[in-house]
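See structure below.
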Amino acid sequence: MVWPIRQKASRIAPTMAALSFLRPGLSNTHLGVHRHSSGSNQRNLAQAEEVQVGLLHEIKKEPEHFQNLAQVQDPKFMVIACADSRVCPSNILGFQPGEAFMIRNVANLVPPFENGASETNAALEFAVNTIEVESIFVIGHSSCAGIETLMTMQDDGDSSSFTHRWVVNAKVAKLRTKADALHLSFDQQCRYCEKESINRSLLNLLAYPWIADKVGKNMLSVHGGYYDFLNCAFDKWTLDVNGNNSTLGDKQYLVKDRELWF
């Protein structure tokens, strides 16, 4: 897949039709953009305290809502995001407590079904089969150290490294990047692979029989998202597998319903 060149445009506000769980009017603060200086640690602590106080105020304002959450969870959305400290799905997407079931791991990867059990697919199984989420959203981001590790490691790299053993789950994305973006600089290849690995994770999702079954019955949808730190932009799309979820071969998919917010 050749990713289209992003053109500069005026700010586009998210709409319910484009992505129902994005909050309209996202600001730079919501997108996690902070400017740091020598006193950043003290400011970060102050901001954390403000968030805690804000949450307590919310609990006091809506005690019934939080009492219900204490009894049961019924989120409609599941988010698979990177463990990177700069990527906070609730801040980026505007989720409130109880609205989204979250998984965070290195490089926001969904391992192939045939690889067996992992913490990530155990959470997937629970979210899809037990609490019955309606949408799964895989969010990647720029400057991802996990993807950079994948792109620099040797195929026969150090198998004792937990990081190497994990990011190799995206090896197919790396091979695709090397084939399609060989003419680009290393940094550009990493940006390409960051997006390609999201699509590979979406394809991996569709290899889980209980996910493919619900997607085929329109009971579940899967989406990709990419958070660009440098341009303060969020890119969202849906994967179209040519109308056949059982055909997951190379180049057998298209991107549709693509939206970009600045």
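Scope of the values below: all heavy atoms of this structure, side chains included, with no hydrogens, waters or symmetry mates.
- Residue W166 is not grouped with residue V168 when hydrophobic side chains (ILVMFWY) are merged at heavy-atom distances under 4.5 angstrom, including chains of intermediate members.
- Atom SG in C193 sits 10.0 Å away from atom CD1 in I198 (nearest 0.5 Å).
- We find the OG-CG distance between S143 and D228 to be 8.0 Å, quoted to the nearest 0.5 Å.
- Under the 4.5 Å side-chain heavy-atom criterion for ILVMFWY residues, no single connected hydrophobic cluster contains both I147 and L175.
- From R200, atom CZ reaches atom CG of L109 across 13.0 Å, with rounding to the nearest 0.5 Å.
- Under the 3.5 Å distance criterion, the side-chain polar atoms of R104 are matched with a main-chain donor or acceptor of V87.
- In this structure, F126 and F101 have tilted ring planes: the angle between them lies in the 30° to 60° band.
- Note that CZ of F137 is 11.0 Å distant from CG of N108, once rounded to the nearest 0.5 Å.
- In this structure a side-chain-to-backbone donor-acceptor pair under 3.5 Å is present from Q189 to L184.
- Residues C82 and C144 approach most closely at SG-SG, 4.3 Å, considering heavy atoms.
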I'd like to know whether T163 forms a side-chain contact (heavy atoms from CB on, under 4.5 Å) with M153, so could you lay out the CA-CA distance, the side-chain angles of the two residues, the decisive distance to 0.1 Å, and finally the verdict. CA-CA 10 Å; T163 302; M153 62 185 279; over 6 Å; no
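- Cluster membership for L205 and W210, using ILVMFWY side-chain heavy atoms within less than 4.5 angstrom, is shared.
- For I103 against A123, the heavy-atom pair with the smallest separation is CD1-CB, 3.4 Å.
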Show your reasoning for whether side-chain contact (heavy atoms from CB on, under 4.5 Å) applies to M151 and K174. CA-CA 6 Å; M151 292 294 291; K174 174 183 178 179; 3.9 Å; yes
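- Taking each heavy atom of E99 and F77 in turn, the nearest pair found is O-CD1, 3.5 Å.
- Counting all heavy atoms, side chain and backbone alike, V133 lies closest to P75 at CG1-O, 3.7 Å.
- Side-chain contact between N105 and E119 is absent, with no heavy-atom pair separated by less than 4.5 Å.
- Here OH of Y226 is found 9.0 Å from OG of S197. Values are rounded to the nearest 0.5 Å.
- Two residues are said to be in side-chain contact when any heavy atoms from C-beta on lie closer than 4.5 Å; I139 and L93 meet this criterion.
- For the side-chain hydrogen bond (donor to acceptor under 3.5 Å, both in side chains) test with D180, the passing option among R176, H183, K178 is R176; the others fail.
- Proximity of a side-chain donor or acceptor of E196 to a complementary backbone N or O of A173 within less than 3.5 Å is not detected.
- Looking at every heavy atom in both residues, S142 comes nearest to L230 through OG-N, 4.3 Å.
- Side-chain atoms of T120 do not come within 3.5 Å of backbone N or O of V110 as any donor-acceptor pair.
- Side-chain contact check for N121 versus P111: some heavy-atom pair is nearer than 4.5 Å.
- Hydrophobic cluster membership differs between L206 and M219, with clusters built from Ile, Leu, Val, Met, Phe, Trp and Tyr side chains linked at under 4.5 angstrom.
- Heavy atoms from other residues, nucleotides or ligands lying under 6.0 Å from CD of E114 number more than 12.
- The aromatic rings of F113 and Y208 sit perpendicular, their planes meeting at an angle over 60°, well past the 30° parallel limit.
- Listed here is the closest heavy atom pair of P112 and N204: N-ND2, 3.8 Å.
- Atoms NE2 and CG, on H141 and D84 in that order, are 4.0 Å from each other to the nearest 0.5 Å.
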Hey, mind stepping through V106 and F162 against side-chain contact (heavy atoms from CB on, under 4.5 Å) and telling me if it holds? CA-CA 11 Å; V106 173; F162 292 146; over 6 Å; no
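- With sequence neighbours left out, the side chain to side chain donor-acceptor pair (under 3.5 Å) criterion links T149 to no other residue.
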